[in-house]
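Input: a single structure, listed below in structure tokens.
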Amino acid sequence: MPLPKLDNPAGDFWGGLAAMLVALPSAVAFGVTIYTPLGASHAAQGALGGILGVMALGLVAPALGGTNRLISAPCAPAAAVLSAFILEFLNGGGGLEPALLLLSMLGLLAGLLQIAFGLVRLGRLIEYMPYPVVSGYLSGVGLYIIGGQVPKFLGVPKDMHFWQALATPAAWQWQGMAVGAATIVVMLGAPRLTKRVPAAILGLLAGVITYFGLAQADPALLSLAGNALVVGPLSGGSGGGFTEAIAGRWQAMGGLGLEPLKQIAVPALTLAVLLSIDTLKTCVVLDALTRSRHNSNRELIGQGLGNIASALIGGIPGSGTMGATLVNISSGAASRLSGVVEGVLALLAFLALGSLIAWVPVAALAAILMVIGVRMIDKHSFHFLKQRSTVLDFAVIAAVVGTALTVSLIAASGVGIVLAVLLFIREQIGGAVVRRKTFGHQMFSKRVRTQEEMQILTERGDQAAILELQGSLFFGTANQLYVALEPELKSRAYVILDMRRVQTVDVTAAHMLEQVEDMLAERGGYLIFSQIPSHLPSGKDIQQYFDQVGLVRPESSVRVFGELDEALEWVEDRIIAEAALNLSEETPLSLRDIELFQGRKEETLADLERCMAQRSYKAGERVFARGDAGDEIYLIRRGAVRILLPIDDKQSHHLGTFGRGAFFGEMAFLDGDPRSADAVAFSDVECYVLSRQTFDAFADGHKRAALALMEGLASVLSSRLRYTNAELRVLES
Ligand SMILES: Nc1ncnc2c1ncn2[C@@H]1O[C@@H]2COP(=O)(O)O[C@H]2[C@H]1O
């Protein structure tokens, strides 16, 4: 394990000290809360367990966990789970000794589970637990803590619960309330006056001072015996010393069978999950504040070892806690050393002040916990109520809180996860899968068409519907897609689905598409897919998947194209062919029919034609390749030529298709550089070919015609550049 790098040891020391001061009072309070159900005489043992927890976690977790500046200490979720467990155990008739034993075992098992989480790399999963779940459980723990502390704050007898305590003012003890109130006021007000000393320490001091102030008037308060207002003296489980009690617990653990394991399995799992969430949530905040990057799985292992160490010495389990960590950072800590310093100082504080613990007023601890509980409630979640889109997220939080308070925290996590998954599905269902719907008379392929062809496409292009799809096509969205497709199935002959933004396709969606295909096929129509992503984020190959589910069969009316443009071109060709205009393509154009030369005198055209060669290419034949030398421009008399830009050995980008009357190869003709792209005959092609050299000779005698040709080229080039710019905009947007 590498030793931490020490950039700022002084900062680490002060950070560790400040963090210890923040962590200690709350750890003591958590310990007292967990142990009090066992009897007033155990409160001090709880307090000690809190301190030992700070110490063990401080020494072990940072040394092995590896997240710089993270402070680990007993935390509220641990207090909530363990006190709930103890209460349930005692209510179920469990005895004192077994309760103490199970408490240690719970911490031990939770630590082991955390190590297991880290080893099987669950860190990331836990870290990105759905927000409503985390928020709900934190608020639930907060409310749980408050509910447990209010009776203590009011000083009512032990068996009184929250509502009962509130409803029985006669049982309230004003002395404890005065101590608690002083603690709360100072804890809340102190940060305005000083940030040097942690507010909880000042609050605790205020509580202690108030207590001794009250004792001046009531000397009974100065005796520890039978005094329920203070933590009281330390007594081990069996009435002996603390060390013996712990050693006794180890021995007893060794003699246990599997039976108790069953009893603690669920609470230990809850504890492990909650402590892990708490830690990793703090790590995420820490990363954001210090621009660092933690290793969640390693941290979980460190935390697990820390909790095992804590359980072995009778400490309370804990996690990487937010409050102490933030104080640590702001006091200048730079490395993991600050965590270790915190652990050592906790030990020293215990040795120096341990005997004074007996005098800590219970109400002051209750007050500290109430403040912590209120802070844990995620007030931000109420903002979710303001917007319709997030009301359901709030409902999830409320359900998690409700379940945490009425059933259990683990049930609450389960409820939260199920609801969060449902919300996710709902969002997927709610999100539009059809990004845009256009028709063949609004959107055209890159193929340059003659005026007549364009006219046909504007008149009849609406036979094709083009739907750009996005997101997940699955059982939740299949119906939405079907509803969008249904009107088209009755009136269109071609339905193009642009799949480039689709992220998943499940069997339900594939089945629905099969039905769509059948309906189109009945009317002689086609279902066309373009740009099916070859690998989805899920790793699935949709094309293969479509083949497997039988959607794309050779005899089916489904066509698949690599790019939307190719699909559009295929559809356009068919629409034009149906309009019987393709027949006219059979006649090669003469020079005077080519737009570039329109308005020229017959003699000039005759001279020009003499300068030109005539070449023909079979469909699929290459006219030239990118990089070839050449200075000829090609004027297409018949057929079509595709211009392809090779990207790598396998792929090329389709720049455009030029048809009858259009020209290509003008770039090399103009600048003499090698060919900038491949040109391939798409159908049988006939063209006029004019080399630059011959053109220059021709230009000497026909200045005006030469100028007109150059102007024509320039204007077509500029329109191609405009087109390229438009495409660039789409790509960049
Ligand atoms: N972006 C483009 N859009 C349309 N046609 C192009 C584009 N880039 C190259 N071409 C054509 O492809 C031809 C390849 O050879 P040349 O460079 O001689 O001339 C080129 C143009 O005619």
Side-chain angles (χ1 to χ4, degrees), residues 443-451 453-454 457 562-570 572-573 589 591 594-597 611-617 619-648 651-683 685-696 698-699 706 708-733:
M443 186 187 207
F444 303 99
S445 74
K446 287 182 202 159
R447 175 158 178 180
V448 181
R449 307 258 179 207
T450 59
Q451 264 178 354
E453 287 174 337
M454 279 315 287
L457 291 180
E563 287 193 41
L564 176 62
D565 189 59
E566 293 169 41
L568 284 170
E569 198 179 322
W570 184 82
E572 287 172 359
D573 282 346
L589 290 178
L591 214 48
I594 293 178
E595 231 170 82
L596 209 52
F597 306 113
C611 297
M612 290 180 173
Q614 292 194 20
R615 280 188 212 150
S616 36
Y617 299 90
E621 195 178 339
R622 187 142 75 177
V623 181
F624 54 70
R626 179 168 184 269
D628 284 357
D631 69 346
E632 294 159 326
I633 183 169
Y634 293 73
L635 304 145
I636 304 175
R637 304 183 62 204
R638 186 172 78 90
V641 171
R642 282 161 70 84
I643 303 293
L644 302 164
L645 186 66
I647 293 174
D648 54 36
Q651 297 182 64
S652 45
H653 178 67
H654 177 206
L655 287 172
T657 302
F658 298 125
R660 204 162 158 260
F663 59 81
F664 63 96
E666 77 292 342
M667 290 167 66
F669 173 82
L670 287 170
D671 62 14
D673 278 351
R675 296 293 181 191
S676 59
D678 296 351
V680 180
F682 183 59
S683 53
V685 171
E686 278 181 44
C687 26
Y688 286 119
V689 184
L690 173 63
S691 82
R692 181 61 192 256
Q693 223 181 343
T694 355
F695 171 74
D696 287 343
F698 164 82
L709 177 79
M710 286 300 192
E711 263 179 17
L713 292 188
S715 108
V716 172
L717 270 178
S718 85
S719 76
R720 284 181 194 169
L721 193 57
R722 279 177 202 280
Y723 181 84
T724 306
N725 287 354
E727 196 174 46
L728 197 65
R729 272 194 68 196
V730 174
L731 286 176
E732 292 291 319
S733 68

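Atoms within a ligand are numbered from 1 in the order they appear, just like the ligands themselves.
- A 4.5 Å side-chain heavy-atom check between Ile633 and Leu670 finds every atom pair outside the cut-off.
- Atoms of ligand 1 found under 4.0 Å from any heavy atom of Ala668 (numbered from 1 in listed order, with element): 16 (P), 18 (O).
- Nearest to atom 17 (O) of ligand 1 among the protein's heavy atoms is Ser676 OG, 2.6 Å.
- Nearest protein heavy-atom contact of atom 18 (O) of ligand 1 is Arg675 NH1, 2.7 Å.
- Residue contacts with ligand 1 include Phe624, since one or more of its heavy atoms lies under 4.0 Å from the ligand.
- Within a 6.0 Å radius of CD in Glu595, other residues, nucleotides and ligands contribute 12 heavy atoms or fewer.
- Between Phe664 and Phe624, the ring planes lie tilted relative to each other; the angle falls in the 30° to 60° range.
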Side chain to side chain contact (heavy atoms under 4.5 Å, CB included), that's the test. Do Glu453 and Phe444 meet it? Break it down for me. CA-CA 11 Å; Glu453 287 174 337; Phe444 303 99; over 6 Å; no

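- Counting the atoms of ligand 1 from 1 in the order shown, those under 4.0 Å from a heavy atom of Phe664 are 22 (O).
- Counting only heavy atoms of the protein, atom 21 (C) of ligand 1 lies nearest to Glu666 OE2, 3.4 Å.
- Not one N or O of Ile643 is nearer than 3.5 Å to an N or O of ligand 1, by distance alone.
- Nearest approach of Arg447 to Gly659, heavy atoms of both residues: NH2-CA, 4.2 Å.
- One N or O on the side chain of Asp678 and one on the backbone of Arg626 form a donor-acceptor pair closer than 3.5 Å.
- Checking Val448, Thr657, Leu721, Leu655 against atom 1 (N) of ligand 1, the nearest heavy atom belongs to Leu655.
- When atom types are taken as modelled, the side chain of Ser683 and the backbone of Ala640 share a donor-acceptor pair closer than 3.5 angstrom.
- Gly656 does not count as a contact of ligand 1, since none of its heavy atoms falls under 4.0 Å from the ligand.
- Taking the centre of each ring, Phe669 and Phe663 stay at or above the 6.0 Å mark.
- Using a 4.0 Å cutoff on heavy atoms, Phe658 counts as a contact of ligand 1.
- Looking at ligand 1, you'll find an N or O of Gly665 within less than 3.5 Å of one of its N or O atoms.
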